[in-house]
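First comes the structure, then the notes that go with it.
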Amino acid sequence: MAFPSRYDAESIELKWQKFWTDNKSFDCEIDTTRPKYYVLEMFPYPSGNIHMGHVRNYSIGDVVARFRRMQGYNVMHPIGWDAFGLPAENAAIKHNVQPASWTYSNIDDMRDQLKRLGYSYDWRREVATCHPKYYRWEQEFFLKWIEKGLIYRKKAPQNWCEACHTVLANEQVIDGCCWRCDSLVEQKELTQWFLKITAYADELLEDLKTLEGAWPDRVLAMQNNWIGKSIGAEVAFPLDGALVNEGTTDNADDEIRVFTTRPDTLFGVTFMTLAPEHPLVETLIKGKENEAESRAFIERIRNMDRMARQSDTLEKEGVFTGAYCLNPFTGDQIPIWLGNFVLAEYGTGAVMAVPAHDQRDFDFAKKYGMKLKAVISADGHDLDVNTLEAAYTDAGIMINSGEFSGQSNEEGKAKIIASLESKGKGKQTVNWRLRDWNISRQRYWGAPIPVVYCDKCGMVPVKKEDLPVLLPTHVQPQEDGRSSLADCEEFVKTSCPTCGGEARRETDTMDTFVESSWYFARYTDARNEDAPFSKEALSYWLPVDQYIGGVEHAILHLLYARFFMKVLRDLDYIPADISEPFANLLTQGMVLKDGVKMSKSKGNVVDPTDMIATYGADTVRLFCLFAAPPERDFDWSDSGIEGSARFLQRVWRLYQELRPVIVSGAACFSSAQHAETDKAKALRFREHSTVKKVGEDVGNRYQFNTAIAAIMELVNEIYIVKEELMQTENGKIILSSAIATVITLLTPITPHICEEFWHDLGNAGTIGEQAWPVWSEDALQKDVLTIVIQINGKLRGKIEVSSKATKEEIEKEALAESNIAKHLEGLTLRKVIVIPGKLVNIVAN
RNA sequence: GCGAGAGUGGCGGAAUUGGUAAACGCACUGGACUUAGGAUCCAGCGGAGUAUUCCUUAAGAGUUCGAGUCUCUUCUCUCGUACCA
């Protein structure tokens with residue numbers, strides 16, 4: 001049968017996609033006789049259209065999955081939909097549809113688009129997080145959290161638009177105003193549900209060490225900083241004039257507790273700064289001379305939106321409360337100020353100010369004319385604070401610090417803490433930057449929180465057997481963006497699980513990060529109706545061996561998912577020996593166009609569907625992998641993809657030409673045939689070194705661009721030698737093996753065209769099940785090596801030597817080379833360095 | 001400010017352990033084939049020079065027989081983060 005001269009990507013791709021589906025080529029089951037490999041890409045939000053970032057992400061994952069299958073692993077490669085979230089509500093308002101139908105129809109569209117790319121997913125494991133059979137399990141988790149005291153309610157300030165009467169997400173606040181109606185956004189205290197992630201801060205931090213080398217360093221560094229462990233001391237400063245309870249370390253309203261990482265500077269405190277939200281503020285300012293001024297300040301700061309307050313352009317400001325506290329060591333009177341830069345949520349909401357040794361305090365003191373006191377200097381001599389131009393923040397010897405003077409400040413730290421503890425004025429504490437996770441959202445399109453409120457019984461969890469609490473799907477979102485759940489009487493009205501009386505459902509839904517914190521575990525047992533997953537499935541499949549996704553999720557998603565593993569382990573959902581979800585992480589860069597992120601508003605979006613229609617899925621996949629290494633951003637290039645298309649055409653023509661000499665059957669791949677001529681030897685060398693390189697690049701280094709470049713070089717080499725090798729029988733065998741190797745190595749990257757070749761050769765099954773080729777050491781042996789000769793590190797010549805030549809022989813030959821001899825004229829030979837197999841460097845002057 | 005990373009031809013990038021800088025591809029130039037070419041093939045392609053050759057990895061210094069790679073200084077850019085007490 002003739003082989004078509006034209007490469008028609010579309011018909012080939014559709015044919016093999018159907019074949020794979022019909023043959024269940026990528027379905028996987030637990031098989032304890034084989035090693036497993038779980039490849040996962042971050043699941044998409046079903047916006048309706050895949051973009052190039054998706055194509056890049058999923059193409060990387062598919063190469064890994066297909067490569068591991070060929071290596072003999074039992075591979076699980078699932079996909080699903082992160083289907084709850086704000087965009088569905090916005091689209092629903094804009095197009096007057098229901099979020100549920102909008103979401104499900106987007107899923108249908110995007111599923112088709114992904115299938116057109118030929119990814120090797122086990123579609124039976126597909127999940128959509130907005131489906132009750134998915135979210136009911138996190139409602140069950142929620143009940144467990146209540147039971148175990150892992151979740152609590154607390155008031156917290158939220159962005160609030162009074163005109164729309166709704167809470168706004170940070171991204172809905174534009175320059176401090178509501179994105180919809182443009183009115184000023186205020187901060188409103190609302191009761192929220194908090195999950196105690198801080199209870200796991202230590203473990204989350206410690207376990208980062210187990211991920212070293214397997215996760216990118218920068219992600220580990222970011223998580224480390226985000227958790228932000230700092231060791232210091234909590235110190236109580238009694239209020240001046242208040243009744244002081246000696247010996248108590250409990251929180252009391254007659255003292256101000258501060259957290260400091262620098263207890264060694266305690267003797268240098270000259271003022272105190274409190275957050276305007278600090279609980280003691282009201283008592284402190286009441287009846288004082290500048291009460292009005294203080295109140296105005298507090299009011300102003302409180303009404304600033306959170307983004308503005310935390311911006312870097314914010315000028316440090318403060319106001320004196322009129323109150324004083326006392327230094328627990330010296331008894332000095334310390335004025336208490338309010339500062340706009342002190343955060344109520346961090347530490348204790350109060351800062352002891354040491355202007356001589358902290359730059360921020362220094363600036364503040366200079367601005368408001370406060371005094372400085374030096375308590376550390378480099379040499380132990382006193383510092384003249386009047387000549388200081390900046391705070392002295394280095395280590396040194398303590399001065400003006402009573403009994404502690406004269407020692408290093410590092411020693412002083414420990415001794416001051418010990419002294420505080422013995423006096424009951426403070427203690428060593430660990431402070432975390434990490435805060436508890438607010439998982440409640442005042443939104444409609446999310447998983448309902450399974451709780452009801454009863455006038456008699458108060459807050460009552462829904463009974464486990466009554467789950468799921470179904471989110472009504474026929475609801476139309478409000479024009480103003482307000483959650484329509486609260487207005488849906490048939491949802492809200494219910495009966496109390498405890499007393500049976502009238503009760504109202506919680507109308508907050510869960511943060512969508514909750515869904516994405518455990519979906520990878522659900523995939524292992526996606527159709528389980530009795531549990532979120534079985535321990536058997538988790539034990540076999542977890543952890544994810546390779547996780548791939550955008551670096552923008554380096555902190556939140558990855559931290560929450562890690563946290564979930566640990567919580568669910570402690571709740572006995574997950575085997576005790578699993579506590580980290582992702583064994584290896586690859587963070588991929590963005591796809592740019594003309595140096596900027598693709599976006600509709602910039603009009604620079606390249607639609608993958610158009611590209612597939614023009615070039616075919618294999619070409620699009622190939623180019624996404626070839627254009628740049630995965631972790632780097634890459635700039636889409638319309639002419640660049642032409643090159644990838646050209647390469648596949650070139651392979652097609654090569655196959656067509658060599659088809660008559662290709663030995664059919666599995667034996668042709670990576671043949672260990674003996675090569676007779678120099679050209680045959682060279683091709684065999686190239687073939688085997690390519691197998692070696694591609695295996696390393698795909699399997700270890702995740703550098704698909706260089707893997708593809710190596711395959712291109714092999715193809716180029718075949719083009720050069722094919723005429724000559726066609727002349728002999730041995731040559732034909734070597735050629736056959738080389739082209740077969742090209743096809744095999746390309747299989748994970750461009751699976752459709754390779755499947756076409758494979759079947760054209762009369763093979764059955766799928767090429768994706770064939771063994772990954774193995775290179776043989778003998779093919780990589782060279783009889784003659786090219787040795788580079790340098791003089792003083794500069795390239796001056798090359799020689800060919802036998803691979804068996806000794807150092808002495810190489811040195812002799814190098815010195816005898818004509819160009820070298822010429823360059824050495826008139827110079828004195830100092831030293832000759834011979835690196836066998838590589839180079840000779842002659843040192844002369 | 002702090003933390004992390006990067007800087008290599010006209011462009012994307014390669015150089016994996018300190019050992020031939022610019023692999024592979026794009027763009028471009030010349031040629032072949034051709035009624036035609038936006039197909040294909042051949043050749044060229046960092047800079048200077050006819051050439052032997054010299055210079056070249058942001059800039060400068062250092063270590064080394066040898067530095068794109070290691071150290072220091074400076075500059076630029078990207079990402080993360082935000083007054084963390």
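Throughout, protein chains are lettered first and strands after them, A, B, ... in sequence-line order, and every chain is numbered starting at 1.
- Taking only side-chain atoms of A:Asn705, from C-beta outward, the nucleotide of B:C65, B:G13, B:A27 with the closest atom is B:G13.
- Separation of the C1' atoms belonging to B:A23 and B:A14 is 5 Å when rounded to the nearest angstrom.
- Side-chain atoms of A:Arg300 and A:Asn340 form no donor-acceptor pair, as typed in the model, at a separation below 3.5 Å.
- Distance, A:Gln790 CD to B:A67 C1': 11 Å, rounded to whole Å.
- Taking 4.0 angstrom as the limit, A:Arg646 places a side-chain polar atom (N or O) nearer than this to OP1 or OP2 of B:C26.
- Between B:C55 and B:G1, the two P atoms lie 39 Å apart (nearest whole Å).
- For the residue pair A:Ser230 / A:Asn431, no side-chain donor-acceptor distance below 3.5 Å is found, with atom types taken as modelled.
- Residues A:Gln588 and A:Asn57 bring a donor and an acceptor atom of their side chains to less than 3.5 Å of each other.
- Residue A:Ser637 places no side-chain N or O under 4.0 Å from the OP1 or OP2 atom of B:C26.
- Within 4.0 Å (heavy atoms only), A:Arg830 reaches no atom of the nucleic acid at all.
- Distance check on atom P: B:U73 versus B:G25 gives 41 Å, rounded to whole Å.
- Closest to the side chain of A:Val788, out of B:C65, B:U20, B:A85, is B:U20.
- A:Arg796 has its CZ atom 14 Å from the P atom of B:G66, to the nearest Å.
- Distance A:Leu648 CG to B:C26 P: 12 Å, rounded to the nearest Å.
- When the nucleotides B:G13, B:C65, B:A23 are ranked by their closest atom to the side chain of A:Glu713, B:A23 comes out on top.
- In this structure, A:Phe626 reaches the bases: a heavy-atom distance under 4.0 Å links it to at least one base atom across the strands shown.
- With B:A85, B:A14, B:G12 as the choices, the nucleotide that has an atom nearest any side-chain atom of A:Leu343 turns out to be B:A85.
- When both distances must be under 3.5 Å, the Watson-Crick or G-U wobble mate of B:A15 does not exist.
- At a cut-off of 3.5 Å, with distance as the only test, no side-chain donor of A:Glu234 or A:Thr429 sits close to an acceptor on the other residue.
- Summary of the strand contacts: A:Ile720 and A:Asp633 both lie near RNA chain B, and taking for each the nucleotide with the nearest heavy atom, the more 5' one is attributed to A:Asp633.
- Partner assigned to B:A22 is none, using Watson-Crick or G-U wobble distances below 3.5 angstrom.
- Among the atoms of the strands shown, none is found under 4.0 Å from any heavy atom of A:Gly228.
- Here B:G19 is the nucleotide among B:U16, B:A14, B:G19 with the atom lying nearest to any side-chain atom of A:Ile833.
- Under the Watson-Crick or G-U wobble criterion, with both distances below 3.5 Å, B:A67 is left unpaired in every strand shown.
- Checking B:G19, B:G13, B:A85 against every side-chain atom of A:Leu839, the shortest atom distance belongs to B:G19.
- The distance from the CD1 atom of A:Ile376 to the OG1 atom of A:Thr265 is 6.5 Å, given to the nearest 0.5 Å.
- Nearest nucleotide to the side chain of A:Ala709, out of B:G3, B:A85, B:C24: B:C24.
- Side-chain atoms of A:Asn409 never come within 3.5 Å of backbone atoms of A:Asp264 as a donor-acceptor pair (strictly under, hydrogens ignored).
- Straight-line distance between the P atoms of B:C11 and B:U16: roughly 22 Å, to the nearest whole Å.
- Whole-Å rounding puts the A:Met352 CE to B:A85 P distance at 11 Å.
- B:G9: glycosidic angle within 90° of 0, hence syn.
- With the nearest nucleotide of RNA chain B identified for both A:Ile842 and A:Ala710, A:Ala710 has the one nearer the 5' end.
- With salt bridges taken as basic N to acidic carboxylate O contacts below 4.0 Å, one links A:Glu410 and A:Lys413.
- Rounded to a whole Å, the CG atom of A:Asn716 is 5 Å from the P atom of B:G25.
- At least one test fails for A:Arg433 against the ring of A:Tyr346: distance under 6.0 Å to the centre or angle within 45° of the axis.
- When the C1' atom is compared between B:U20 and B:A15, the two are found 11 Å apart, to the nearest whole Å.
- Proximity note for A:Arg360 (side chain, C-beta onward) versus B:G13, B:G19, B:A85: the nearest is B:A85.
- Here B:A4 is the nucleotide among B:G13, B:C84, B:A4 with the atom lying nearest to any side-chain atom of A:Ala221.
- With both pairing distances under 3.5 Å, B:U29 is matched to B:A43 as a Watson-Crick or G-U wobble pair.
- Across the strands present, B:U57 finds no partner; the criterion is a Watson-Crick or G-U wobble pair with both atom distances under 3.5 angstrom.
- A 3.5 Å limit on both hydrogen-bonding distances identifies B:G80 as the Watson-Crick or G-U partner of B:C2.
- In this entry the distance linking CH2 of A:Trp226 with C1' of B:C84 reads 12 Å, nearest Å.
- Rounded to whole Å, the C1' atom of B:C28 lies 34 Å from the corresponding atom of B:C79.
- Taking atom P in both B:U71 and B:U63, one finds a spacing of 15 Å when rounded to whole Å.
- Base pairing of B:A85: no nucleotide in any strand meets the Watson-Crick or G-U wobble criterion (both distances under 3.5 Å).
- Set against B:G3, B:A21, B:A15, the side chain of A:Leu795 has B:A21 as its closest nucleotide.
- Dashed line: the shortest gap from a side-chain N or O of A:Arg632 to OP1 or OP2 of B:U78 is not under 4.0 Å.
- Note on A:Lys692: nothing from the nucleic acid sits closer than 4.0 angstrom, heavy atoms only.
- Taking atom CG of A:Leu622 as the reference point, atom P of B:G12 lies 19 Å away to the nearest angstrom.
- Remark: the separation of the C1' atoms in B:U17 and B:A82 is 39 Å, to the nearest Å.
- With hydrogens and angles left out, the side-chain atoms of A:Glu631 and A:Tyr702 include no donor and acceptor closer than 3.5 Å.
- One interatomic measurement links the two molecules: CD of A:Glu717 to P of B:C24, which rounds to 11 Å at whole-angstrom precision.
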